[in-house]
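The next block holds one structure in the form of structure tokens; read it before the comments.
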Amino acid sequence: MEFLCHHRDRSDSLALRMELLEEHWSSMDRFAQEMIARGPTLAEDGETPTGSVHILDLPDAATARAFAFDEPGYQAGVYRDVLLRRWRDLLGRTMGDFPGGPTEGDRFLVLGLGAGEAADLTVPAGRGDDLIAYGPLLSDDATAWLGTAALLRAPGPAAARALLTEDRYADIEVHPWQFGGRSQ
């Protein structure tokens with residue numbers, strides 16, 4: 001079962017986030033084999049963290065909840081909220097397989113929160129080389145479409161947003177994002 005987890009930082013929690021960074025990474029190390037993609041969302045300055053995104057293949061919803069809510073930053077109050085949703089990997093690869101590598105171009109998290117009939121259920125034509133992760137957000141039982149989430153390389157936020165069919169979503173969020181994990 002694939003899940004997308006987006007921890008969103010409180011506006012005043014950067015010092016606490018940095019203090020807990022090693023604990024966060026140690027917690028994430030336990031899930032290294034299950035990671036499809038991971039990394040921080042960033043403020044417009046491209047440097048200040050505003051949250052963390054993790055896309056994982058886990059055995060069940062209980063494991064996903066434990067991943068999201070036992071995380072040291074969550075336990076310490078770093079985050080203002082957590083989005084945890086079932087997700088379906090339409091690319092069939094991890095961020096390590098992305099042909100653009102971890103640093104080429106600007107990267108974004110795009111979250112389309114669904115409204116009405118499902119949309120964007122296939123990989124957009126001609127965008128495969130820019131997509132790091134792509135797939136629908138789903139209900140807990142994976143029977144209902146709740147939106148679409150993507151990690152991608154794009155020349156800017158407007159181009160990233162244009163990945164999704166605008167009128168099919170109640171809201172579309174675009175966050176600067178970068179590859180995450182321990183430095184090798």
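None of these values were measured; they are calculated from a predicted model.
The CD1 atom of I132 lies 8.5 Å from the CE atom of M95; values are rounded to the nearest 0.5 Å. With rounding to the nearest 0.5 Å, the separation of CZ in F179 from CZ in R107 is 5.0 Å. Atom OH of Y79 sits about 8.0 Å away from atom OG of S13, to the nearest 0.5 Å. Here the straight-line distance linking atom CH2 of W177 with atom CG of L42 works out to 10.0 Å at 0.5 Å rounding. Interatomic distance, CZ of R88 versus CE of M1, reported as 11.0 Å (0.5 Å rounding). In this structure, the separation between OG1 on T94 and CG on L56 is 12.0 Å, given to the nearest 0.5 Å.
Counting only distance, with no hydrogens or angles, the side chain of R17 and the backbone of P49 share no donor-acceptor pair below 3.5 Å. A donor-acceptor contact shorter than 3.5 Å is absent between the side chain of T41 and the backbone of H175. Judged purely by atom type and a 3.5 angstrom limit, R168 uses its side chain to pair as donor or acceptor with the backbone of E117.
None of D106, D129, D130 except one satisfies the salt bridge (Lys or Arg N to Asp or Glu O under 4.0 Å) rule with R153; the exception is D130.
Closest of all the heavy-atom pairs between G112 and L137 is O-CD1, 4.1 Å. Of all heavy-atom pairs between G156 and F108, the closest is C-CZ, 3.5 Å. Among all heavy-atom pairs drawn from L20 and P72, the shortest one is CD1-O, 4.0 Å. Contact record, A68 with C5: CB-SG, 3.7 Å, taken as the closest heavy-atom pair. Across every non-hydrogen atom of W87 and A133, the tightest pair is CH2-CB, 4.0 Å. Smallest separation of non-hydrogen atoms from L131 and P124: CD1-CD, 3.9 Å.
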For this session: Show your working on side chain to side chain contact (heavy atoms under 4.5 Å, CB included) between T122 and L90 and close with a plain yes or no.
Result: CA-CA 7 Å; T122 59; L90 297 183; 5.6 Å; no

Exercise. Can you check side chain to side chain donor-acceptor pair (under 3.5 Å) on D29 and S26, steps first, answer last?
Worked result: CA-CA 5 Å; D29 287 348; S26 293; 4.8 Å; no

For this session: Would you sort out whether L109 and V174 count as a side chain to side chain contact (heavy atoms under 4.5 Å, CB included), showing the intermediate values?
Result: CA-CA 6 Å; L109 164 68; V174 178; over 6 Å; no

For this session: Carefully, step by step, assess E166 and R161 under the rule salt bridge (charged side-chain N to carboxylate O under 4.0 Å, His left out).
Result: CA-CA 8 Å; E166 184 88 26; R161 183 183 193 88; 3.2 Å; yes

For this session: Please assess R86 against L4 for the test side chain to side chain contact (heavy atoms under 4.5 Å, CB included), listing each intermediate value before the final yes or no.
Result: CA-CA 6 Å; R86 290 279 303 271; L4 179 136; over 6 Å; no

For this session: Under the side chain to side chain contact (heavy atoms under 4.5 Å, CB included) rule, what do L91 and F98 come out as? Steps first, then yes or no, please.
Result: CA-CA 10 Å; L91 298 179; F98 175 61; over 6 Å; no

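You'll find the side chain of H7 stays beyond 4.5 Å of the side chain of V78, heavy atoms only.
Inspection of the D9 and T50 side chains reveals no N or O donor paired with an N or O acceptor under 3.5 Å. There is no side-chain donor-acceptor pair under 3.5 Å between S27 and E23. Looking at D45 and T48, their side chains do bring a donor and an acceptor atom within 3.5 Å of each other. A donor atom on one side chain and an acceptor atom on the other are found under 3.5 Å apart for T148 and Y169. A donor-acceptor contact under 3.5 angstrom links the side chains of H24 and E71, judged on distance only.
Within 6.0 Å of CZ in R8 there are more than 12 heavy atoms belonging to other residues, nucleotides or ligands. Other residues, nucleotides and ligands contribute at most 12 non-hydrogen atoms within 6.0 Å of the CG atom of D140.
Using a 4.0 Å cut-off between charged nitrogen and carboxylate oxygen, R85 and E2 do not count as a salt-bridge pair.
Below 30°, between 30° and 60°, or above 60°: for Y74 and F69 the angle between ring planes is above 60°, a perpendicular geometry.
In this structure, W25 is not a member of the same hydrophobic cluster as I55, with clusters built from ILVMFWY side-chain heavy atoms closer than 4.5 Å. Hydrophobic clustering keeps L113 apart from F3 (ILVMFWY residues linked when any side-chain heavy atoms are closer than 4.5 Å, directly or through intermediates). L111 and L138 fall into different hydrophobic clusters, defined by Ile, Leu, Val, Met, Phe, Trp and Tyr side-chain heavy atoms under 4.5 Å apart, directly or through other members. If you chain together hydrophobic residues whose side chains sit under 4.5 Å apart, L121 and L164 fall into the same group. Following chains of ILVMFWY side-chain contacts shorter than 4.5 Å, one cannot reach Y134 starting from I36, and the two form parts of different hydrophobic clusters.
Remark: aromatic rings of H54 and H6 are distant, center separation not under 6.0 Å.
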